[in-house]
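Read through the structure below, which is laid out as structure tokens, and then see the notes.
What you are looking at is a predicted structure, and each value in this text was computed from that prediction instead of being measured. The chains referred to below are lettered A, B, ... by the order of the sequence lines, with proteins before strands, and numbering in each begins at 1.
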2 protein chains.
Amino acid sequence: MQQTGEKLLAKPKSQAIQARRIRPTIHDVAKAAGVSIATVSRALNSPDSVRKELRERVVAAADSMDYMADSVGKALRRQRTQIISTMLPRLADPLFSAVASAIQETLEENGYLGFVQTSGFDNSNLFDRAKRLIEHGTEGLIIFGRIDDQRLLDYCRAHQLPLLSAYSYFEKSEVPTIGFDNYLATRQLVEMLHTLGHSRIAMISGSDKGNDRQQSRIRAFRDINAELGQEPVIEFTHMDFDMADGGAALRRIMENHPETTALICNRCVIAFSVMVEARRLGITVPEHLSLTGFDDIDYAALFDPSLTTVAVPSEKIGRAAAKAMIARLETGAPLGSRRFETEVILRRSVARPRTTA
Amino acid sequence: MQQTGEKLLAKPKSQAIQARRIRPTIHDVAKAAGVSIATVSRALNSPDSVRKELRERVVAAADSMDYMADSVGKALRRQRTQIISTMLPRLADPLFSAVASAIQETLEENGYLGFVQTSGFDNSNLFDRAKRLIEHGTEGLIIFGRIDDQRLLDYCRAHQLPLLSAYSYFEKSEVPTIGFDNYLATRQLVEMLHTLGHSRIAMISGSDKGNDRQQSRIRAFRDINAELGQEPVIEFTHMDFDMADGGAALRRIMENHPETTALICNRCVIAFSVMVEARRLGITVPEHLSLTGFDDIDYAALFDPSLTTVAVPSEKIGRAAAKAMIARLETGAPLGSRRFETEVILRRSVARPRTTA
DNA sequence: CTGAAAGCGCTAACAC
DNA sequence: GTGTTAGCGCTTTCAG
């Protein structure tokens, strides 16, 4: 390596231990091409600023040894990592993985890379998991759902780390939100059922602890019931962890509220497991009981009967979130909120209420 | 900052431009605690080597400013990033996201972090996508399925980048493989159908280009047919991209080979879309046609009729792959291959063949 | 158009 | 037990 005489003194000792350099560095390329490391850097990053002949020599040398500039060194020097990380409840779930996929794709298209971190469904304790992402150079953080962790909010504000909440939209929010209005969407769903003639509607929700989606959907349902002077029928599952738990909730509802004609499940997976149990119990869907899901994951249309759901533009939301974060990082333009529309997709799992009973 | 007099000359110029340091560095902590940066590093990384009083001062200072050691600087110095990356066909798919999830969890538990990169189903062109991961400091690479990209193999060998193929197991392989034997599993599945009395079996496969899973399953099916002196009936879908494409394959089979009594779908999603089409065509499953999937994703049990599949221990494979890679990185012990067992899960979508026809 | 050198944040010799 | 300092790989002034 071309070092000054002084530095050569210290060199051999430490370096000689390692057998052979695992990955070529800019120095190796410079040596091979007979130029300085500065020229290598320029030839590779801003080719126009280097004389053709030299440039070609550098490129040839770099190619011959499969040189890839080390992003770690680059990041340290440039003080930019181009890493945008995402936190979501789980990865092994069609909904979350669809969002994650859209985000990752968008990042990739724009030369970014991202860590994906799972956090469970409770958004009130995100900081410790976010920490690892931040330590590793995360320049922007996208969180699935509302951020209920004050520590994380404080940290990001104090250290100017761009933070974005994706999937749920909130009119007023300390942090920009890109997503849809869960409250509104649920109201639309219930109104659709009302229009069909259902007046005895029950809800099965996932745990609402630290989960703004469930909270908003429950609130919408309670509000509607209150407006009608009805007592809301809500059962909770722990479907988040156990695929089969929706069945138990269905049994509780059918026992305590046999007059129920329509059942709103706050996640598609809940609806699927309810369907299985309904089949087992001989409850026909939709003849005896109408059933709805939420999020319209691909499988909703494949089940028999096909499942009525609220279609959420998850991919669009994911892309929008990633794009917004990239724009923020590139131009410094402040992040803005954005509301997406949802649509009730009426499928075979919903029909007019049974007349008997 | 405590620098020697010389260096201070160059300092103020460049630093003064930036308003305020976004994220505190080890120098900030050192200054606040009135110690050297070395002591900060020691107090945080090997607390025992620092006098209690000083240690507490350092920790207090660090906490007060939310100090997090920058992994970029750390990685550059230590020449370790603790990043293990994964490449898989897609993310928005229950199978792949289950594997990704298991890998990510295992990494996290062990203080590692990982990038997840999607590559599509064709494993013959992985290098360019892997490049970005390698550039960003990936120390070990886990690839879903057999690696058919010679460039990637060459690169990893030349630069000693640990490489692991997960999900598919191969007896002989340049690269260690952790997974199951697709050929064997398919043979088991077909034999089960034979035992039940099926002799006219067809297969619907996904594209087999660069996809060892499909290739092995097709080969097993061809071999069995050859042993029986039968002409194999195989249709291809492009389900990889279009959820509804399984239906067209079913129609082709029912038209050209109406004698078929059992249908092997090489992925669960194919089977689901076939089920939908069968319903539409009035073909009853399993009475008229037995149906099998592969991979046993959670949804297989929820469909009506529930789907017979080959259960693959995807999570175990993911965890094993991640653990093996970590062990390789920590101890230097060479990566080994490992074969997992699969099991045919007989569910309602399979019955004895219809006697008429 | 090219090279020398500084320095990003950190750890680990080395010196005391 | 603590401080000083070199240097990981890179980009980018600054000279020439």
Side-chain angles (χ1 to χ4, degrees), chain A residues 1-11 13-15 17-18 21-31 33-55 57-58 67-81 135-137, chain B residues 1-15 17-18 21-30 33-55 57-58 67-81 135-137:
Chain A
M1 261 131 279
Q2 49 271 69
Q3 310 272 355
T4 63
E6 294 175 349
K7 297 201 174 175
L8 271 175
L9 290 172
K11 221 54 203 305
K13 213 184 308 178
S14 55
Q15 212 53 252
I17 297 165
Q18 217 163 28
R21 201 184 246 98
I22 290 310
R23 210 175 130 182
T25 74
I26 197 170
H27 288 101
D28 300 324
V29 179
K31 206 171 171 187
V35 297
S36 73
I37 59 166
T39 300
V40 174
S41 177
R42 281 192 282 256
L44 265 25
N45 294 318
S46 43
D48 300 334
S49 66
V50 174
R51 189 156 43 94
K52 184 162 172 265
E53 191 236 344
L54 270 198
R55 191 198 327 146
R57 234 161 66 203
V58 169
Y67 173 70
M68 297 179 193
D70 177 7
S71 297
V72 174
K74 194 182 277 207
L76 187 57
R77 166 67 223 217
R78 297 183 47 207
Q79 294 295 91
R80 288 284 327 261
T81 58
E135 280 173 352
H136 274 77
Chain B
M1 258 129 276
Q2 50 270 69
Q3 307 275 353
T4 63
E6 294 177 345
K7 297 201 176 176
L8 272 175
L9 290 174
K11 223 52 200 303
K13 215 182 310 179
S14 57
Q15 213 52 253
I17 297 167
Q18 219 164 30
R21 200 182 250 98
I22 290 309
R23 209 173 131 182
T25 74
I26 197 170
H27 288 101
D28 300 324
V29 178
V35 297
S36 73
I37 59 166
T39 300
V40 175
S41 176
R42 281 192 284 256
L44 265 25
N45 295 318
S46 43
D48 300 333
S49 65
V50 174
R51 190 156 42 93
K52 182 162 172 266
E53 191 238 341
L54 269 199
R55 191 196 330 147
R57 234 161 66 205
V58 168
Y67 172 72
M68 297 180 193
D70 177 9
S71 298
V72 174
K74 194 182 277 208
L76 187 58
R77 166 68 226 217
R78 296 183 46 206
Q79 294 296 90
R80 288 281 331 258
T81 59
E135 280 172 353
H136 274 78

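- Between dG9(C) and Lys74(B), no contact under 4.0 Å exists linking OP1 or OP2 to a side-chain N or O.
- Contact check, Ser41(B) against dT11(C): a side-chain N or O comes under 4.0 Å of OP1 or OP2.
- When the P atom of dT13(D) is taken as reference, atom CD1 of Ile37(A) falls 15 Å away, rounded to whole Å.
- Taking side-chain N and O atoms only, Arg51(A) has a distance below 4.0 Å to OP1 or OP2 of dT2(C).
- Listed nucleotides dT2(C), dG9(D), dG9(C) differ in distance to Asp70(A); the shortest reach to its side chain belongs to dG9(D).
- When the P atom of dG3(D) is taken as reference, atom NE2 of His27(B) falls 13 Å away, rounded to whole Å.
- Taking CD of Glu135(B) as the start and CZ of Arg23(A) as the end, the distance is 7.0 Å to the nearest 0.5 Å.
- Applying the 3.5 Å distance criterion, the base of dG9(D) shares no donor-acceptor pair with the side chain of Arg78(A).
- For dG3(C), the OP1/OP2 oxygens have a side-chain nitrogen or oxygen of Thr39(A) closer than 4.0 Å.
- Rounded to a whole Å, the NZ atom of Lys52(A) is 13 Å from the P atom of dT2(C).
- Atom pair Glu135(B):CD and dT11(D):P shows a separation of 11 Å (rounding to whole Å applied).
- Residue Ile26(A) contributes atom CD1, which lies 19 Å from atom P of dG7(C) at whole-angstrom precision.
- Distance alone, capped at 3.5 Å, is enough to place a donor-acceptor pair between the Ser36(B) side chain and the Thr39(B) backbone.
- Atom-to-atom, CZ of Arg42(B) to C1' of dT11(C) comes out at 10 Å; the value is rounded to the nearest Å.
- Annotation for Val35(A) and Val40(A): closest pair CG2-CG2, 3.8 Å, computed over non-hydrogen atoms.
- Looking only at distances, no side-chain donor or acceptor of Thr81(A) sits under 3.5 Å from a matching main-chain atom of Ala75(A).
- Note on Val72(B): nothing from the nucleic acid sits closer than 4.0 angstrom, heavy atoms only.
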Original post:
For Val29(B) and Val58(B), what are the C-alpha separation, side-chain angles and deciding distance, and is it a side chain to side chain contact (heavy atoms under 4.5 Å, CB included)?
Top reply: CA-CA 7 Å; Val29(B) 178; Val58(B) 168; 4.3 Å; yes

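- Leu76(A) places its CG atom 11 Å from the P atom of dT11(D), with the value rounded to the nearest Å.
- In this structure, Ile22(B) places its CD1 atom 16 Å from C1' of dG9(C), rounding to the nearest Å.
- For the pair Arg77(B) and Val40(A), both in contact range of DNA chain D, the more 5′-proximal nearest nucleotide belongs to Arg77(B).
- Remark: Gln79(B) is in phosphate contact with dG9(D), judged by side-chain N or O atoms under 4.0 Å from OP1 or OP2.
- Ala69(B) comes within 4.0 angstrom of the backbone, heavy atoms only, and of no base.
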